[in-house]
Amino acid sequence: MRRRLRVLVTGAAGLVGAEVTARLAAAGHEVTALVHRTPVLVGNDGTPLEAAGVRCLTADVTRPRLGLSEADHEALAGGIDRIVHCAAITDFGRPEEDYQRVNVDGTAHVLELARAGGADLVHVGTAYVCGERDGLILETELDEGQRLANAYEASKLRAETLVHKARADGVRSAVVRPSIVVGDEHTGVVRDYKNIYVVLKLTTEGKVRSIPGQYEARLDLVPVDYVADVITQVTERFDEAAGRTFHAVGAPLTLRDFSDVMAEYPSFQVPRFVPPTSFDLGRLPREERVYYERVVALYESYFRRRMAFDASNTAQLVARPAPGGGQDFLRRLIDHCLESGYLGAPLPGVADVLARLDLTGADVSGPAANDANGAGR
Ligand SMILES: NC(=O)c1ccc[n+]([C@@H]2O[C@H](COP(=O)([O-])OP(=O)(O)OC[C@H]3O[C@@H](n4cnc5c(N)ncnc54)[C@H](OP(=O)(O)O)[C@@H]3O)[C@@H](O)[C@H]2O)c1
């Protein structure tokens, strides 16, 4: 085994933080899990993490010294080798000052802790600090004067800039930038249905039928288990990772790919992507307009972007191959949403209907009959 590390994970109860905590603890490291409002650690598959070696510490990154007494802060700083900084506000549509306090000031306070104890920092950013740039986005790029789509992205850019600047006064750091974090690569299982999942629900239920966007736009979905593996390896192999940035991304899907997969599910409504110049909010039915304004508008720019993320640093450092993604992965995510009930009960396939009518032995061949997983595609 590699050297046993003493690691502090912030945001340890979050979707990504819990998976990173589980991996580091399982690898034999001494993990301190910084928790905030949620004191219980639960893995992505819903299993409580009672792994040996995990100590929970309640703290608040928005406060100087993380809200700890001077003595406790000093003791914490002196007892860690590495910090994995996952804590952040990740949902959209909050007041700008919330993002500043948690994502930017919170990172500044975590940097102070690293500086006080000489700990190394693995900062979890977002691939979408690229804002609305199109084309190939390099891991070496950060502030290219890009237009940022929302206060979340802007705060993550400011936070990452702080991390870079702190290198000048001796804080060694590496940055991992996930794209849009979704369910497990092989099972599709996800603990929290947030962000893109909410849009998926509103559209498949027909509550939102048209969205301004372009069918050639690309969405990059990355499995949570892969993201956690990348962060864990960057933490363990920090000497090789220091000073570098790692995109933790999947294979982007176009909105055309999305629409085609959604059309395979008979219970789904498939939204129409309308060129932004001809989208007219005023013509939407009242209820749809409300959903649009409250939710979809927050994600709208993601339906226009045509970026691709270079992940050369990650490919070089991380042993696990990059996720294949593609339409099969999207089907796995959707199937899990159906099986878990998040997207409502799947329509029964022909085989199920005939079985219920006691017509066994009837010829049920054809695409809808092939419904062993109950997804009703
Ligand atoms: N999820 C994605 O799609 C995605 C994509 C790209 C990048 N990322 C980045 O990945 C990291 C982890 O994301 P995630 O999806 O795991 O987020 P998450 O599930 O929303 O978890 C965020 C964690 O931060 C904690 N936190 C919030 N305010 C805090 C405070 N004042 N003090 C201490 N902790 C606080 C939360 O604790 P409480 O809930 O107890 O307050 C929560 O455990 C974030 O930096 C995010 O920006 C996420």
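First listed ligand is number 1; within each ligand, the first listed atom is number 1. No experiment lies behind these values; they were computed from the predicted model shown.
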*Asks:* May I ask you to check whether Tyr128 and Phe309 place their ring centers less than 6.0 Å from one another?
*Replies:* yes
*Asks:* Using a plain distance cutoff, I'd like to know if Ala12 has any nitrogen or oxygen under 3.5 Å from a nitrogen or oxygen of ligand 1.
*Replies:* no
*Asks:* What about Leu15: any of its N or O atoms under 3.5 Å from an N or O on ligand 1?
*Replies:*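 Indeed, backbone or side chain, Leu15 has an N or O that close.
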*Asks:* Would you say Val124 touches ligand 1, if touching means a heavy atom closer than 4.0 Å?
*Replies:* yes
*Asks:* Nearest heavy atom to atom 14 (P) of ligand 1 wins, so pick from Lys194, Arg191, Glu19, Lys156.
*Replies:* Lys194
*Asks:* Starting from atom 32 (N) of ligand 1, locate the nearest protein heavy atom and write down its residue, its atom name and how far away it is, to 0.1 Å.
*Replies:* Val61 N, 2.9 Å
*Asks:* Identify whether the distance between the nearest side-chain nitrogen and carboxylate oxygen of Glu97 and Arg101 falls below 4.0 Å.
*Replies:*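 Between Arg101 and Glu97 there is no salt bridge, as every charged N stays at least 4.0 Å from the carboxylate O atoms.
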*Asks:* Using a strict 4.0 Å threshold on nitrogen-to-oxygen distance, state whether Asp120 and Arg82 make a salt bridge.
*Replies:*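 Judged by the 4.0 Å cut-off on N to carboxylate O distance, Asp120 and Arg82 do form a salt bridge.
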*Asks:* Contact between ligand 1 and Tyr128 is defined here as a heavy atom of the residue under 4.0 Å from a ligand atom; is it met?
*Replies:* no
*Asks:* Under 4.0 angstrom from ligand 1, any heavy atom of Gly125?
*Replies:* yes
*Asks:* Do side-chain atoms of Asn313 reach the backbone of Thr245 as a donor and acceptor pair under 3.5 angstrom?
*Replies:* yes
*Asks:* To which protein heavy atom is atom 31 (N) of ligand 1 closest, and what is the distance rounded to 0.1 Å?
*Replies:* Asp60 OD1, 2.8 Å
*Asks:* Is any side-chain heavy atom of Arg133 closer than 4.5 Å to a side-chain heavy atom of Arg147?
*Replies:*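 They are not in side-chain contact.
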*Asks:* Please state whether Thr62 comes within less than 4.0 angstrom of ligand 1, counting heavy atoms only.
*Replies:*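 Contact present.
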*Asks:* Please report whether the ring centroid of Tyr215 lies less than 6.0 Å from that of Phe303.
*Replies:* no
